[in-house]
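Shown next, in structure tokens, is the structure this report addresses.
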There are 2 protein chains.
Amino acid sequence: MKGSGVTIEPNGHFCSDCAVRDFAVCSSLDPAELREFEHLGRRVQFSSGETVFSEEDITTSFYNLLEGVMRLYKLLPDGRRQIVGFALPGDFLGMNISGRHNFSADAIGAVTVCQFAKLPFGRFIEDRPHLLRRINELAIRELSQARDHMVLLGRRSADEKIAAFLLCWRERLVSQKGVSDMVPLPMSRQDIADYLGLTIETVSRTFTKLERHGAIDIVHGGINLLDPARVEALAAA
Amino acid sequence: MKGSGVTIEPNGHFCSDCAVRDFAVCSSLDPAELREFEHLGRRVQFSSGETVFSEEDITTSFYNLLEGVMRLYKLLPDGRRQIVGFALPGDFLGMNISGRHNFSADAIGAVTVCQFAKLPFGRFIEDRPHLLRRINELAIRELSQARDHMVLLGRRSADEKIAAFLLCWRERLVSQKGVSDMVPLPMSRQDIADYLGLTIETVSRTFTKLERHGAIDIVHGGINLLDPARVEALAAA
DNA sequence: AAAGCCCGTTGACCCAGATCAATCTTGACG
DNA sequence: CGTCAAGATTGATCTGGGTCAACGGGCTTT
């Protein structure tokens, strides 16, 4: 579902009290810069399932995810899909060198982004090396995650993939909402399958197996980690 | 094989006539900067199979590959290996945010690198945003390649993996030594298998199958692309 | 509340690619 | 030139996970 999103009236939205202020790209900006920066972005909302941008689209904007979860994916011509990542609040999307996006991005549930037009954003960076350094830092971190994911896709069994996914997803949620054994899974089984290079049936079966072994409890919208140690042992790394 | 490499006497080595001058990180530097930069790096040689740096090692240096090919890989505790990339001359290695390398790097055949101590290099970048921009550009390009590779690992068949690998490898060699239907493969079958998430037997069988179909010709140290169109069709993307 | 749909689960079966096991090729070295 | 070791190929067999198919449970719609 292609969506252009809904721009929110800017009343009352200031970078200085933005929820992702401290861990997004903008954490590198001082208060004065932040006031200038404020005029570059506009808040836009997307509803569940809407596509924020598509692979091969000419890049006209960058996005800072403020609220919600997004799936980032690539499609093969015959429809096979590989999800290359899930984005959480604070993630910065859209950087590329070809001038075109190299993956598509959909909202999973309602999403709010801070959208920056490419050119003014590029100009703003120009003489702010600390912002560039911050962007570089995020790119390098993503690269490291991408390599970990290659190991998972190329060399791990279905059981290991699922276990590693649960732990890694929980870990990422920690920085958002603190530690908890309840792990919300807003994405569908199909999304998880396409992320792990499996089929939906294998994902379902593996969850059931983990539940039968008492390692997790499948609840609506997520799972409970009953035995984190056992899941860690399964993830084996 | 862990190796510390052999430093080459600096006589007669100048950045200005470096082979990778135009496409490595240093392409962003002007002649004056280049002269200063020259003192930061030292040329080091590694012989076939030597390890230049290992995953989890504390990062003390960055590397600019000048000559040869390297395999970049991660190991699971039980020895399973995933090659996350092959490095060619001009590639810049070692960036990370944790202070530790996040993959290992071996020489495939003899290799020459330009090695930079981390701290002086970091200081040199400090007030040279154009160099930082160049590094960022390289990171973003690698990220895009990493995502393509995830699709390959997660969603493609063995035949497609091999075909895509041959075409992609040939494409990369174009910028090094021009177009040719002779594709040198300096890495072993095991390396190819670990890059594609397959076993050595499947790689061997798939090569043989391609040869029987007249698409390629297996020669010592590489293959001849007899029917590029057919291989492209197999790669299906 | 009945109908329909979407999503997830479960079972039966199958196959691409892994595993196991020779055998062959090539190059290094006495 | 013969010996050895390392890599590559090939064949036989097995299996993890894919495919196909049925079913169920929780929504929305009317």
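Just so we're on the same page: letters track the sequence lines, and every chain starts at 1.
- One can place CD1 of B/Ile218 at 10 Å from C1' of D/dA8, the figure rounded to the nearest angstrom.
- Shown here are the ring-ring contact (aromatic ring centres under 6.0 Å, His included) partners of B/Tyr73, two or more places apart in sequence or in another chain: there are none.
- In this structure, B/Arg205 does not reach the D/dT9 phosphate: none of its side-chain N or O atoms is under 4.0 Å from OP1 or OP2.
- A/Glu160 and B/Arg80 are joined by a salt bridge, as a carboxylate oxygen and a charged side-chain nitrogen come within less than 4.0 angstrom of each other.
- In this structure, A/Leu185 atom CG and C/dG8 atom C1' are separated by 13 Å, rounded to whole Å.
- In this structure, A/Phe103 and A/Phe53 have tilted ring planes: the angle between them lies in the 30° to 60° band.
- Counting non-hydrogen atoms under 4.0 angstrom, A/Gly197 reaches the backbone sugars and phosphates but no base.
- Where B/Met187 and A/Ala158 meet DNA chain D, the nucleotide closest to each residue was compared, and B/Met187 sits on the side nearer the 5' end.
- For B/Thr199, no side-chain nitrogen or oxygen approaches OP1 or OP2 of C/dG17 to under 4.0 Å.
- A/Thr208 comes within 4.0 angstrom of sugar-phosphate atoms only, judged by non-hydrogen atoms across all strands, and of no base.
- With rounding to whole Å, A/Lys209 atom NZ is found 13 Å from C/dT10 atom P.
- Within the structure, every side-chain polar atom (N or O) of A/Thr202 is placed at least 4.0 Å from both OP1 and OP2 of D/dG17.
- For the pair B/Leu198 CG and C/dT19 C1', the interatomic distance rounds to 14 Å; values are reported in whole Å.
- Between B/His220 and C/dG27 there is a side-chain N or O to OP1 or OP2 distance below 4.0 Å.
- The nearest whole Å value for the distance from the CD atom in B/Gln190 to the P atom in D/dA8 is 9 Å.
- The residue B/Ser188 sits close only to the backbone: its heavy atoms come under 4.0 Å of sugar-phosphate atoms, none of a base.
- Place B/Ser157 and A/Arg212 on DNA chain C by their nearest nucleotides, and A/Arg212 ends up nearer the 5' end.
- Residues B/Phe86 and B/Asp191 share a closest heavy-atom pair of CZ-O, 4.1 Å.
- In this structure, CZ of A/Arg80 is placed 13 Å from P of C/dA16, rounded to the nearest angstrom.
- Note on ring orientation: taking the six-membered ring where Trp is involved, the planes of B/His149 and B/Tyr195 are parallel (angle under 30°, cut-offs 30° and 60°).
- The side chain of B/Ser204 sits closest to D/dA8 out of C/dT9, C/dG17, D/dA8.
- For the pair A/Ile200 and A/Arg155, nearest-nucleotide mapping onto DNA chain C gives the more 5' position to A/Ile200.
- In this structure, the CZ atom of B/Arg189 is 14 Å from the C1' atom of D/dT10, given to the nearest Å.
- If you check distances only, the side chain of B/Glu201 does reach the base of C/dC20 with a donor-acceptor pair under 3.5 Å.
- As rounded to whole Å, 11 Å separates atom P of C/dA18 from atom CG of B/Leu196.
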